[in-house]
Amino acid sequence: MEKSYIVKQISIFSENRPGRLAAIAGALRDAKINIFAFSIAEADGFGVVRALVDRPEDAHRTLTDLGFRVSFTDVIGVKMRDEPGGLSDIASVLGDAGINIEYAYAYSGKDAAVLILRVDQIEDAVRQLLGHGGELLKTSLSQ
Amino acid sequence: METIRPGELADLQLKRLRWTLHQAENVGLYQRKFKEAGVSPDEIRTLDDVEKLPFTYKKELQAGYPFGLFAVPMKEIVRIHTTSGTTGKPTVVGYTRQDLDNWSELIARNMTMIGLGEDDIFQNAVNYGLFTGGLGFHYGAEKIGATVIPSATGNTRRQIEMIEDFGVTAIHCTPSYALHLAEVAESMGKTLDTLKTGIFGAEPWSESMRTELERRLGVKAFDSYGLSEMYGPGVAFECPEHNGLHIWHDCYLTEIIDPKTGERLGPGERGELVITPLVKEGLPLVRYRTGDVTRLMDEECACGRGVKIARLTGRSDDMLVIRGINVFPSQIEHVLRSLPEVGEQFMVYIDRVKHLDEMTIEVEMSRAGFSGELQDLARTQKKIAGELHNTLGLRTAVKLVEPGSLPRFEGKAKRVIDRRGAI
């Protein structure tokens, strides 16, 4: 049951230099793949572009064929109230349960804000959030 | 010995060559090589007969790793040093007690030649340890009675304080480190007045570098040449004429050859230096290909010593000298190819930053190397740098790049870009 809330994020290795994001985004555009949310994490000279897309398998294949190093990462997307305290509610549930957030990013959509979370114990996190009345993105929603 | 007459020298060389060849017959490699070449040491009756003997290559030393080329039982080996090999394993050199005496005698000879003695305070600012430059000069300097400061490398400000506080008169280091020392001393407002002599080796350096070092450090600068396979430093050295290096013919039989054909070249012609050491017990070598390019100088030296070699400027192979450490591109390749995280291509860039060499290695990520997590990439980067450090003995900056972003080569790959100017 928890599994149906685990969303596939695509993670793309990228050098930290001009034009790399344009190349990735251009490839997804040409394949008519829509990006819901994304973030960039950077280290010494390189980074990882993380994205939630409508067709992750197609995105993986498209980018791999172009020579990018791509991998899937399991994340969860949880809706949050788009008002003060929204993030705090979710973070507290996970913190109280001893679940560590490795990274997170968010987008504010039409009906709600969504927090994308990479955590160390993903199925526990799903249980905890559902148990506390949280609303999670379904895997199928992004397919 | 330094001014021995030519006829006497030739007799001595021949006697010692024949001894060396018999010593070499204790080594399996030479038993095989002499057999393959159809030559027996007893057939070597003149110095010119040395041309009948086969060359020895660095890779053969490596194939004997670790002790396969030693000509004496291990109980007679009293010291080991290593130098870079052409792939993963280093080249191991071993010394008998007599070898260590010979070596320090040669260093002492060089230091005496440039006027150093028991009144001098000598700072040996090179790596101690497996590198031959540290202990080699240490014992030679003790032999001439100098006061030796084994300062080794690093902590430049402390090095400068020692020069000032101890009244150091002579220093040995790499020329690029000497320039760094000069800069730091200037920034500290120190004039290093006691310093008179600089011995610089382990990497090639130019006449303009000499002018600069002499001006900024207030020294007379002397070039020192050696290689671990021939004990280490001490093989050849500049005299006060500063025009070429005296190579010690009583201990080293020299030839200059065309590195492509192996044919011997005449006096004055540039080619690869080939050395047969004449007094080495532990690790005798026959016609060893040094890879260093030089020429035997025609003109006699005003000091009255024997035939000199010109200052070394290049290599007949692709060996690099980075901060005084010898590095073969094949070593880098060997390390990278053994790591699953590394993809097909890599590039090596060498720059000089504040007079010190910096090596940057760009490696393409392999599929196996990417989990999607940033921290795994950082770990991969660290692992690659760590493995390179283990093999090369050198810190490098590793950059991870996207697959397909590095140049592909159709012919001979040119993966090393040396952007340093001459020093």
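Every heavy atom of this structure was used, including side-chain atoms; hydrogens, water molecules and symmetry mates were not.
Around the CD atom of Gln121(A), the shell of radius 6.0 Å holds more than 12 heavy atoms that belong to other residues, nucleotides or ligands. The 12-atom threshold is not exceeded at NZ of Lys399(B), counting heavy atoms of other residues, nucleotides or ligands nearer than 6.0 Å.
Heavy atoms of Ile10(A) lying under 4.5 Å from chain B are absent altogether. Looking at Gln9(A), neither its backbone nor its side chain comes within 4.5 Å of chain B, counting heavy atoms on both sides.
For Glu402(B) and Arg20(A), the salt-bridge test passes: some basic side-chain N is under 4.0 Å from an acidic carboxylate O.
The residue among Gly45(A), Gly47(A), Ser11(A) with the most heavy atom pairs within less than 4.5 Å of chain B is Ser11(A).
Side chains of Ser405(B) and Glu15(A): a donor on one and an acceptor on the other come within 3.5 Å.
Thr73(A) and Glu373(B) get closest at one heavy-atom pair: CG2-OE2, 3.3 Å. Across Phe46(A) and Leu377(B), no two heavy atoms sit closer than the pair CE1-CB, 3.3 Å. Of all heavy-atom pairs between Phe13(A) and Phe370(B), the closest is N-CZ, 3.5 Å.
Atom CG of Leu374(B) and atom CD of Glu102(A) lie 11.5 Å apart (nearest 0.5 Å).
Counting only distance, with no hydrogens or angles, the side chain of Arg69(A) and the backbone of Pro403(B) share no donor-acceptor pair below 3.5 Å.
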* To do: Could you please spell out the steps behind the side chain to side chain contact (heavy atoms under 4.5 Å, CB included) verdict for Val48(A) and Gln375(B)?
  => CA-CA 10 Å; Val48(A) 175; Gln375(B) 74 239 36; over 6 Å; no
